[in-house]
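Notes to accompany the following structure.
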Amino acid sequence: MSAVLRDPTEDDAPGGSNSVNAEFEIWWTDADGTEQRLQYSPSTPLPSGLTSRWDTYLRGAALPADTVISWHVRANDGAAVSGWSDTATPACEFVIDEVSPQPPVVSSPEFPEDVFYGAEQGTYGTFRFQSSSDDVVEYRYTFLGHPQQSVAATGPDHAAEVRFLATSSTHRVDVAAFDRSGRRSTSTIYDFYPAPPRSPVAEWQLADPVGTRTAAPVTGTAARAGTGVTFGAPAPEGTALTSTVSLDGTGHGFLTPGAPVVDTAETFAVGGWVRPGTTDGTMTVASQDADGAPAFTLGLRAGDDGAQWSFGAGAERVTGGTPEADSWSHVLGTYDAETGLAHLYVNGEETGTPVAIDPAQVSGDFQIGRARGKLGYRDRWQGEIGDLRAYDRVVIPAEITQLARVEVPPATETARWSMETSTDGATPSSVGADQPLSLRDGAHLYQWPSPDDWCDLYPECFPDKDPLRGRADLALDGIDDYAATAQPVVDTARSYTVAALVMLDHVSADDPAMTLFSQGDEDGTAAFQVRYVPATQNWELSVSHAGTPGAEVTTVSAGAAPGGLHRVAVVHDTVNDRVTLYVDAQETGVSVHFRSGWTSTGGLQIGRGPVPGGGWCSYLRGSVDEVRVFEGALPGLKVRDLGLNS
């Protein structure tokens, strides 16, 4: 017990201190109905305004538990005594509690304890906490992996209920009861095991055969396709999809099952793989009809600051992420009726800020590729859509990650020319398909002479240089020598890696650019070209955006002095839309965004580059060895290792 006591100075004796002492008194009625009283006063007065306390076990008195004990205090300055503190207000009271509350009993109708299985993951359950102690005021609980929370005990049974979203196959909740005095019960541990998430209420792979007019469902109802819909479109690389559907953005570019799919007044989610053909306007991936408006829309919305992915209802929507024309993304919109919030996920990551929406409960048709307006359908999709799914539950985090997962197979070496031997003017590949590298216009393999050709006395008898690797390499004169394959070695529209060892001969700043390798078409358009520019002492990688003369070209460069041995590699990564140039065992390389790859038809050229419109130029003077080709994007660490161990 504590009290702040103040004493006015008017009644102080001359020369006396302005101090005051406390007089405490407590009282209660014992089991026999007799009133008991105790008093206490500290031995030393305290200066006015300080706090006096009575906290030493009430001077050894045995106070009864579970009994209301009243107390008050008054001030005494040695000359006068104040009135008791409860003169104008009720006396203070306390109760001594020596017993902790009973641990709570936990129950849930959706998720019974230790039962395989309860309700599905992605659904909510109610958990009831109830202690048999009648003085419990709150419960503190922790679902494993979540922060501790508290809930007040209410009602005559002093119970509480909480809602919890099941997101995995195993969950545990730890609950303790707290009474009025703050005493804690022992914990109750409750384990429960949700069932696997239930299937979508509707799913269309949209990988139907070319010419099909109806999209077959995985679950749900078949979706009728308008005449602006074309099946057999490309699928996103690294997914299980084999093809997708293309919508032309016209009034005929849509699919619909002709019925509602989700109850928009309850929890639902919609998502799929999409590739917009343009980002200039607002476009709809999926919606469901209401009266002259969509109950919800998922798609992209154009704005002054560019396009963004969007999911919502009416004027309320969550937006985020940056759509890119001709680039695949997995988009998913979810509405949780428990929280009232809409969430948006792009490529497995939540984007934007969740917003509160209130979608109307409607019975209109589900739409793919368009949204209902007052005057008809609008915001039509132009581009591809694949694996569209709709759910009547929350999509849990593990599912969101899996839906957007891109399984990129490891890069596989498909060709390697080690330049060790040649037959009939061609050197064979030691890996993969038998596609030789033809040696043209004087190109030849420089070979290390055998010991029988050496002499012991004259330096001129020894070879004037060492091969780059092994006993031979490709020698090029910089005038017209080159080597080439008859067919393409990589599909330049997909991920690939091409690398080579090179040593340039007697390069000066006045020399023209020299091409190490390139692949393109006969009209002079190079899908990719790697060359050395002596004037700037840079290796340059150029990639064209289309297979037509004059197409846009993206270039990246990496500095390197011309002397010595160089390992140069180009990596095209269509999953991440990057093209990277590596020079001299770098681990990171120099990369740039690039997503406009196209399939070239010409063979791989070693030592020369194309001239726009036809012809060849930029012949390389020097030696080339260990030309290696991979299907897929080789990671930077492995590209670096190519330069260390060939």
Side-chain angles (χ1 to χ4, degrees), residues 1-2 26-33 35-36 55 57-58 61-72 86 89-121 123-168 170-194 267 336-341 394:
M1 294 172 288
S2 62
I26 63 172
W27 68 95
W28 69 94
T29 301
D30 64 17
D32 297 331
E35 184 180 82
Q36 304 292 331
D55 55 11
Y57 294 99
L58 302 179
L63 299 182
D66 303 318
T67 300
V68 176
I69 301 174
S70 303
W71 69 278
H72 56 195
D86 57 345
T89 59
C92 298
E93 297 177 338
F94 63 88
V95 175
I96 296 175
D97 186 354
E98 296 180 331
V99 179
S100 296
Q102 292 297 307
V105 174
V106 181
S107 61
S108 172
E110 296 87 0
F111 300 104
E113 185 177 18
D114 292 331
V115 173
F116 292 91
Y117 288 106
E120 300 94 345
Q121 299 167 47
T123 60
Y124 283 86
T126 298
F127 291 81
R128 181 179 176 83
F129 311 143
Q130 183 178 3
S131 170
S132 59
S133 300
D134 60 7
D135 60 346
V136 169
V137 295
E138 75 169 0
Y139 299 92
R140 297 178 191 174
Y141 63 95
T142 304
F143 285 93
L144 188 64
H146 296 261
Q148 185 184 73
Q149 294 181 278
S150 64
V151 59
T154 59
D157 54 1
H158 307 282
E161 290 185 351
V162 298
R163 297 279 284 170
F164 179 72
L165 175 64
T167 57
S168 69
T170 301
H171 281 290
R172 166 175 287 185
V173 60
D174 181 331
V175 190
F178 287 78
D179 64 17
R180 289 191 300 269
S181 66
R183 296 185 71 96
R184 181 189 191 278
S185 74
T186 58
S187 289
T188 296
I189 304 298
Y190 185 94
D191 292 312
F192 57 101
Y193 305 95
T267 296
D336 187 340
E338 293 270 343
T339 64
L341 295 178
V394 174

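Worth knowing before you read on, the calculation uses all heavy atoms, side chains too, and leaves out hydrogens, waters and symmetry mates. All residue numbers refer to positions in the sequence shown, counting from 1.
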**Request:** With rounding to the nearest 0.5 Å, note down the distance linking CG in Asp174 to NE2 in His146.
**Result:** 13.5 Å

**Request:** Verify, without hydrogens or angle tests, whether Asp179 (side chain) and Gly182 (backbone) share a donor-acceptor contact under 3.5 angstrom.
**Result:** yes

**Message:** Angle between ring planes, Phe143 versus Phe127, binned at 30° and 60°: parallel, tilted or perpendicular?
**Reply:** perpendicular

**Request:** Hey, could you give me the CG/NE2 distance between Asp191 and His171, rounded to the nearest 0.5 Å?
**Result:** 11.0 Å

**Item:** Rounded distance (nearest 0.5 Å) linking atom CD of Gln36 with atom CD1 of Ile69
**Value:** 11.0 Å

**Fill in**
CE (Met1) and CZ (Phe94) are apart, to the nearest 0.5 Å, by 5.0 Å

**Item:** Rounded distance (nearest 0.5 Å) linking atom CZ of Arg163 with atom OG1 of Thr126
**Value:** 4.0 Å

Return all side-chain donor-acceptor pairs below 3.5 angstrom for residues 132-139, not counting sequence neighbours, or 'none' if the list is empty.
{"from": "Ser133", "atom 1": "OG", "to": "Gln102", "atom 2": "N", "distance (Å)": "2.7"}
{"from": "Glu138", "atom 1": "OE2", "to": "Arg140", "atom 2": "NE", "distance (Å)": "2.7"}
{"from": "Glu138", "atom 1": "OE2", "to": "Arg140", "atom 2": "NH2", "distance (Å)": "2.9"}
{"from": "Tyr139", "atom 1": "OH", "to": "Ser131", "atom 2": "N", "distance (Å)": "2.9"}
{"from": "Tyr139", "atom 1": "OH", "to": "His158", "atom 2": "O", "distance (Å)": "2.5"}

**Asked** Looking at side-chain heavy atoms only, is the closest gap between Phe129 and Val162 below 4.5 Å?
**Response** yes

**Prompt:** Any side-chain heavy-atom pair from Glu338 and Val394 closer than 4.5 angstrom?
**Reply:** no

**Asked** Between Tyr124 and Asp336, is a side-chain contact (heavy atoms from CB on, under 4.5 Å) present by the stated rule, with each step listed?
**Response** CA-CA 10 Å; Tyr124 283 86; Asp336 187 340; 2.4 Å; yes

**Prompt:** Are side-chain heavy atoms of Ser108 and Phe164 found at a separation under 4.5 Å?
**Reply:** no

**Prompt:** Closest approach of Thr67 and Pro64, non-hydrogen atoms and distance?
**Reply:** OG1-CB, 3.7 Å

**Message:** I'd like to know whether Ile189 forms a side-chain contact (heavy atoms from CB on, under 4.5 Å) with Arg172, so could you lay out the CA-CA distance, the side-chain angles of the two residues, the decisive distance to 0.1 Å, and finally the verdict.
**Reply:** CA-CA 7 Å; Ile189 304 298; Arg172 166 175 287 185; 3.3 Å; yes

**Item:** Shortest non-hydrogen contact from Val175 toward Tyr141
**Value:** CG2-CB, 3.9 Å

**Asked** Judged by atom type as modelled, is there a donor-acceptor pair below 3.5 Å linking the side chain of Tyr190 to the main-chain atoms of Ser107?
**Response** no

**Message:** Minimum heavy-atom separation for Phe111 and Ala119, please, with both atom names.
**Reply:** CE2-O, 3.1 Å

**For Trp71 against Ala91, the heavy-atom pair lying closest together** = O-CB, 3.7 Å

**Message:** Students often mix this up, so state it plainly: with edges at 30° and 60°, are the rings of Phe116 and Tyr193 parallel, tilted or perpendicular?
**Reply:** parallel

**Asked** How many angstroms lie between atom CG of Asp66 and atom CG of Asp97, to the nearest 0.5 angstrom?
**Response** 6.0 Å

**Message:** Which heavy atom of Glu98 sits nearest to which heavy atom of Ala65, and what is that distance?
**Reply:** OE1-CB, 3.7 Å

**Closest non-hydrogen atom pair between Ala153 and Ala160, with its separation** = CA-CB, 4.5 Å

**Request:** Find out whether Pro104 and Gln130 are in side-chain contact, i.e. whether some heavy atom of one side chain is under 4.5 Å from a heavy atom of the other.
**Result:** no

**Item:** Close side-chain approach of Phe178 and Arg184, heavy atoms under 4.5 Å
**Value:** yes

